[in-house]
Amino acid sequence: MNKSDIADVLNEIATLLELKGENPFKIRAYQNGARKLETLESDLADLVAEGRLKEVAGFGDALAQKITELHETGGLEFFEKLKASVEPGLVSMLEIPGLGAKKIKALHKELGLKSIEELKEACESGSVASLKGFGKKTAEKILSGIENREAYGKRHLWWDARAVAEPVLEGLKALPEVVEASHAGSFRRKRETVGDLDFIVASETPKPIMEWFVNQDDVKEVTAHGETKSSVRFESGLQADLRVVPPAQFAFALHHFTGSKDHNVAMRQRALAKGLSLSEWGLKPVEDEDFSNSKIAKSEADIFSCLGLEYVPPELREGMGEIEIAENGGIPKLLRGDSIRGSFHNHTTASDGRCSLEEMTEAAETLGWEYWGTADHSKASFQANGLDDARVLEQIKSIEALNDSGRFSTHVFAGIECDILGDGTLDLADETLMALDYVVASVHISMTQGESEMTKRLIRAIEHPATTMLGHLTGRILLRREGYKLDVAKVVDAAIANGVIIEINANPRRLDMDWRFWRQAADKGLLTSINPDAHRAEHFKFVSAGVNTARKGWLSEKHVFNTLSLAEVKQAFARRRPGLDRLK
DNA sequence: GCCGTTTTCGGCCCGACTGTTTTCAGTCG
């Protein structure tokens with residue numbers, strides 16, 4: 001089992017323990033262990049083989065043993081026994097908002113309920129409302145939770161959440177009572193998917209702000225409406241929380257609710273080492289009872305500075321060692337969206353794109369891009385009207401003609417998204433591939449190969465002399481499809497050795513290669529290109545989602561190929577292997 | 001279950017909000 005499979009098991013164990021009424025701190029230890037595993041940068045196989053799991057903070061004897069057993073055998077006896085001891089229907093009841101372990105236990109014990117169906121009947125018959133500790137409102141809330149379970153439980157793409165979040169933030173900022181406003185949480189950290197939205201507002205008069213928030217047009221349900229905190233649910237099922245704090249507390253609250261949890265833990269530990277206590281209320285001497293002597297922070301940068309740290313951008317606050325690095329002044333100057341000067345991997349009507357070569361070029365020019373490049377599908381992607389050798393050569397001619405015509409100030413590069421066939425060979429003739437400016441090699445077929453076969457296949461494609469970059473490394477579709485299994489480290493090493501770029505596919509559903517791999521890969525010398533995989537001109541704007549991924553992966557301008565000028569890109573393509581130039 | 005310059009036991013964040021309660025328990029973040 002790999003890291004994320006094992007993390008899933010640890011989280012399931014935590015859920016089961018919760019339903020059994022176990023010690024909450026034990027439960028937290030399992031959840032903490034799962035998070036640690038997900039963000040672990042070292043190779044799990046190495047840690048297990050060398051017996052070094054316990055060196056990771058958060059893994060003790062028990063977790064180290066369980067992780068080892070899961071990794072080596074793919075199963076865990078403890079987990080199987082635990083599962084058998086809990087009614088499975090109770091686990092799914094946890095998805096209903098307002099129902100926690102204690103209430104579920106009571107429902108099971110007092111009314112013998114074993115499934116959501118039985119729970120629904122019991123709510124309707126009135127037996128839930130008459131249970132001690134429950135009431136009419138609770139029963140109604142449970143019923144509505146059951147009906148909307150699917151929409152309420154699901155996560156949302158960052159990109160989709162942004163469409164909801166931006167107007168809310170603008171609305172808040174426009175209110176006269178609002179001094180300052182920001183989003184927070186995983187949305188602000190630019191995670192690829194988010195569970196809910198958080199807004200933090202500075203104001204001395206929260207009431208009218210709360211009123212505005214809960215009365216927005218597309219609010220479907222108000223789940224909390226207090227003096228300083230409110231929660232609403234939008235039509236899409238997305239939940240949003242608003243907290244209003246006095247202006248002096250704003251930076252502290254913003255930092256606290258931006259998280260991540262692990263980042264906050266590390267920050268609090270650092271504060272304690274300096275005799276200070278950090279929370280959403282302020283930064284005060286540990287011995288003080290209240291926050292009247294709290295340090296003053298006009299911005300988050302002041303908080304970091306009080307703790308002797310460089311400012312850490314929200315994207316890097318994942319508890320992956322950023323505090324130690326900030327202490328030594330090592331936080332990089334992260335890539336900015338305005339450094340992008342063009343993009344590769346885009347489709348036109350020649351394959352499955354919706355816009356013509358000219359329409360795409362016009363859009364690129366409007367964006368102020370110096371260049372863009374086509375990468376239509378190759379013939380193996382028959383369903384996408386992929387190009388054969390003859391059509392590729394024809395397209396090269398049209399592109400040359402368009403560039404020569406001087407109609408647009410934006411230069412067009414001729415590329416291809418060439419299929420990597422099952423055995424790792426490429427889908428077009430070598431002469432055709434070498435006639436192009438660049439080649440994006442991608443997997444679209446035979447995606448069910450095993451890990452070692454897929455790894456060999458990708459490395460073979462990387463080693464092809466025509467390959468310039470690798471498209472969407474794992475083929476994942478966020479919230480819908482897992483990527484195919486492969487040994488990322490081996491593929492990354494092969495790409496570096498061959499001077500091949502690995503793209504950040506900036507389609508908000510892909511964001512592949514994942515940000516979690518980038519810091520280490522870029523340190524070793526891997527170059528990326530942020531590619532929108534545009535199938536119509538509007539998709540060029542996906543690049544900003546790819547910039548998020550790059551920033552979360554600690555990348556700066558020098559790591560990103562499409563921050564180069566037109567002249568530099570031309571030079572690199574002339575030598576075929578952009579990454580090799582960089583290694584010199 | 002984890003952790004340790006109060007180190008092998010006893011802490012581990014805690015406050016806002018809701019609903020059911022007459023003073024608080026459960027959920028959530």
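These figures come from a predicted structure and were not determined experimentally.
- Nearest-nucleotide assignment on DNA chain B puts the 5′-proximal partner with A:I27, out of A:I27 and A:K141.
- Note on ring orientation: taking the six-membered ring where Trp is involved, the planes of A:W159 and A:F542 are perpendicular (angle over 60°, cut-offs 30° and 60°).
- Using a 4.0 Å heavy-atom distance criterion, A:D241 is classed as a sugar-phosphate-only contact.
- Among the nucleotides B:dC17, B:dT27, B:dG1, the one closest to the side chain of A:A224 is B:dC17.
- Atom CD of A:E55 and atom C1' of B:dC2 are 16 Å apart (whole Å).
- Pairing for B:dG4 is with B:dC9, a Watson-Crick or G-U wobble pair whose two hydrogen-bonding atom distances lie under 3.5 Å.
- Just one of A:E300, A:H263, A:R317 meets the side-chain hydrogen bond (donor to acceptor under 3.5 Å, both in side chains) condition when paired with A:H255; it is A:H263.
- Here A:F59 lies in heavy-atom contact (under 4.0 Å) with sugar-phosphate atoms only.
- Of the candidates B:dC3, B:dG29, B:dC13, B:dC13 carries the atom nearest the A:F25 side chain, counting heavy atoms from C-beta on.
- Look at A:S231 and you won't find any side-chain N or O under 4.0 angstrom from OP1 or OP2 of B:dT18.
- Counting non-hydrogen atoms under 4.0 angstrom, A:P97 reaches the backbone sugars and phosphates but no base.
- For the OP1/OP2 pair of B:dG1 and a distance below 4.0 Å, the side-chain nitrogens and oxygens of A:K66 include at least one atom meeting the criterion.
- Judged by closest nucleotide on DNA chain B, A:T223 is the one of A:T223 and A:D198 placed further toward the 5' end.
- At a threshold of 4.0 angstrom between heavy atoms, the contacts of A:E227 are confined to the sugar-phosphate backbone, with no base atom among them.
- Between A:H183 atom NE2 and B:dG29 atom P the separation is 19 Å, expressed in whole Å.
- Checked against B:dG29, B:dC2, B:dT27, the side chain of A:K103 finds its nearest nucleotide in B:dT27.
- Within 4.0 Å (heavy atoms only), A:K136 reaches sugar-phosphate atoms of the nucleic acid but no base atom.
- Distances shown here put a side-chain N or O of A:R28 below 4.0 Å from the OP1 or OP2 atom of B:dC13.
- Residue contacts for A:N264: at a heavy-atom cut-off of 4.0 Å it reaches no nucleic acid atom on any strand shown.
- Atom NZ in A:K261 sits roughly 12 Å away from atom C1' in B:dC14 (whole-Å rounding).
- Per the geometry, CD1 belonging to A:I67 stands 9 Å off P belonging to B:dC2, to the nearest Å.
- Taking atom P on both B:dC14 and B:dT8, the two are 23 Å apart, rounded to the nearest angstrom.
- A salt bridge does not link A:E170 with A:K173: every distance from a Lys NZ or Arg NE/NH1/NH2 to an Asp or Glu carboxylate oxygen is 4.0 Å or more.
- Not a single donor-acceptor contact under 3.5 angstrom links the side-chain atoms of A:D61 to the base of B:dG1.
- The shortest distance between the side-chain N/O atoms of A:K229 and the OP1/OP2 oxygens of B:dC17 is not below 4.0 Å.
- Note on A:T138: a side-chain N or O is less than 4.0 Å away from OP1 or OP2 of B:dT20.
- Between the C1' atoms of B:dC12 and B:dT6, the separation comes to 16 Å (whole Å).
- We find that CE of A:M93 is positioned 17 Å from C1' of B:dT27, with the value rounded to whole Å.
- Look at the P atom in both B:dG19 and B:dC9: the space between them is 45 Å, to the nearest Å.
- Residues A:F252 and A:W281 keep their aromatic ring centres 6.0 Å or farther apart.
- Annotation for A:L44 and A:N2: closest pair CD2-C, 4.5 Å, computed over non-hydrogen atoms.
- Taking the six-membered ring where tryptophan is involved, the planes of A:Y30 and A:F78 are essentially parallel, since the angle between them stays under 30° and well short of 60°.
- As rounded to whole Å, 12 Å separates atom P of B:dG4 from atom NZ of A:K54.
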